[in-house]
Amino acid sequence: MLLVLVDYVTKRLAIHHLANESVKVIPFFSLTYACNSGAAFSLFKEFGSLLTWFSVAASILFVVLIYRVPYHRFWLGLAFTGILAGAVGNLIDRAFRGCVIDFLHFYVGDMSFPIFNFADTLITLGAITWLLAHFLHKEEATADPDTNESETE
């Protein structure tokens, strides 16, 4: 809930302080307000309500996944928590604003990357952590000679 709150507060600050102007922070990064009715990278703008329902389904799925994570798989639980917090943060925007508030903007010269937010960062870091947890756990399982064959079947 703390991560969702941080996302909410940063988006409120963006709405109030960036709606009329972009703030250059460093030569390749600015705070720029954007209202994104699509998915990542502003794709699928015409499917706003479908994206809302997808966010609801994803949130429910990750609540179940978090509940089922074994205690010894801390990083997997952390990954699912990040993804869930990001999904809920963006879902709140979609449900109450009709779009997701984005404000973090990286660019190099004339090349501009898609504007994103804290929730998107949580989802991305959660997905990366999920992949790492999966591959590292797989290596641990194959490297452990004490594993009983009946436990792995």
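All values derive from a computational prediction rather than experimental measurement.
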Inset, instruction - Is it possible for you to say whether Val9 and Leu104 belong to one hydrophobic cluster, with membership spreading through side-chain heavy-atom contacts below 4.5 Å? - result: no

Legend entry - Heavy-atom closest contact (Ser59 atom, Val88 atom, distance): OG-CG2, 3.8 Å

Inset, instruction - Check the hydrophobic clustering (I, L, V, M, F, W, Y; side-chain heavy atoms under 4.5 Å; chains of links allowed) and say if Ile26 and Phe106 are grouped together. - result: yes

Legend entry - Smallest separation among heavy atoms of Arg97 and Arg12, with atom names: NH2-NH1, 3.3 Å

Legend entry - Co-membership, hydrophobic cluster, residues Val63 and Ile66, 4.5 Å side-chain: yes

Legend entry - Minimal non-hydrogen separation, Val4 against Ala85, with atom names: CG2-O, 3.6 Å

Legend entry - Backbone of Gly89 reached by a side-chain donor or acceptor of Lys11 within 3.5 Å: yes

Legend entry - Short side-chain to backbone donor-acceptor contact, Thr32 and Ser22, under 3.5 Å: no

Inset, instruction - Go through the side-chain N and O atoms of His105 and Ser112 and say whether any donor and acceptor fall under 3.5 Å apart. - result: yes

Legend entry - Check: Ala34 main-chain N/O paired with Asp102 side-chain donor or acceptor under 3.5 Å: no

Legend entry - Check: Phe74 ring centre within less than 6.0 Å of His72 ring centre: no

Legend entry - Straight-line distance of Phe54 CZ to Leu61 CG, nearest 0.5 Å: 9.0 Å

Inset, instruction - Under the side chain to side chain contact (heavy atoms under 4.5 Å, CB included) rule, what do Tyr107 and Phe29 come out as? Steps first, then yes or no, please. - result: CA-CA 6 Å; Tyr107 49 89; Phe29 174 71; 5.6 Å; no

Inset, instruction - With sequence neighbours excluded, give me every ring-ring contact (aromatic ring centres under 6.0 Å, His included) pair touching residues 9-28. - result: none

Inset, instruction - Return yes if a side-chain donor-acceptor contact under 3.5 Å exists between Asn117 and Asn90, otherwise no. - result: yes

Legend entry - Reported CD1-to-OG1 distance for the pair Ile83 and Thr129, which is rounded to 0.5 angstrom: 8.0 Å

Inset, instruction - Applying ring pair (Phe, Tyr, Trp, His ring centres under 6.0 Å), name anything that partners Phe62, two or more places apart in sequence or on another chain. - result: Phe80, Trp130

Legend entry - Side chains of Thr121 and Leu125 in contact at under 4.5 Å (non-hydrogen atoms): yes

Inset, instruction - Determine, step by step, whether Asp93 and Tyr8 satisfy the side chain to side chain contact (heavy atoms under 4.5 Å, CB included) criterion, reporting the C-alpha distance in whole Å, the side-chain angles of both residues, the deciding distance to 0.1 Å, and the verdict. - result: CA-CA 9 Å; Asp93 275 1; Tyr8 178 80; 5.6 Å; no

Inset, instruction - Find out if a path of hydrophobic residues (ILVMFWY) with successive side-chain heavy-atom gaps under 4.5 Å connects Val6 to Leu122. - result: yes

Inset, instruction - Assess the pair Tyr33 and Phe103: is the distance between their ring centroids shorter than 6.0 Å? - result: no

Legend entry - Atom pair CG (Leu13) and CG (Leu18), whose distance is rounded to the nearest 0.5 Å: 8.5 Å

Legend entry - Linked, directly or transitively: Leu131 and Ile123 (ILVMFWY side chains, under 4.5 Å): no

Legend entry - From Ile115 atom CD1 to Asp120 atom CG, the distance as rounded to the nearest 0.5 Å: 11.5 Å

Inset, instruction - Give the minimum heavy-atom separation between Ile101 and Cys35, together with the two atoms involved. - result: CD1-SG, 4.4 Å

Inset, instruction - Supply the atom-to-atom distance Leu65 CG to Leu76 CG, rounded to the nearest 0.5 angstrom. - result: 8.0 Å

Inset, instruction - Would you name the heavy atoms of Leu91 and Ser55 that are closest together and state the gap between them? - result: CD1-CB, 3.8 Å

Legend entry - From CE (Met1) to OG1 (Thr81), nearest 0.5 Å: 13.0 Å

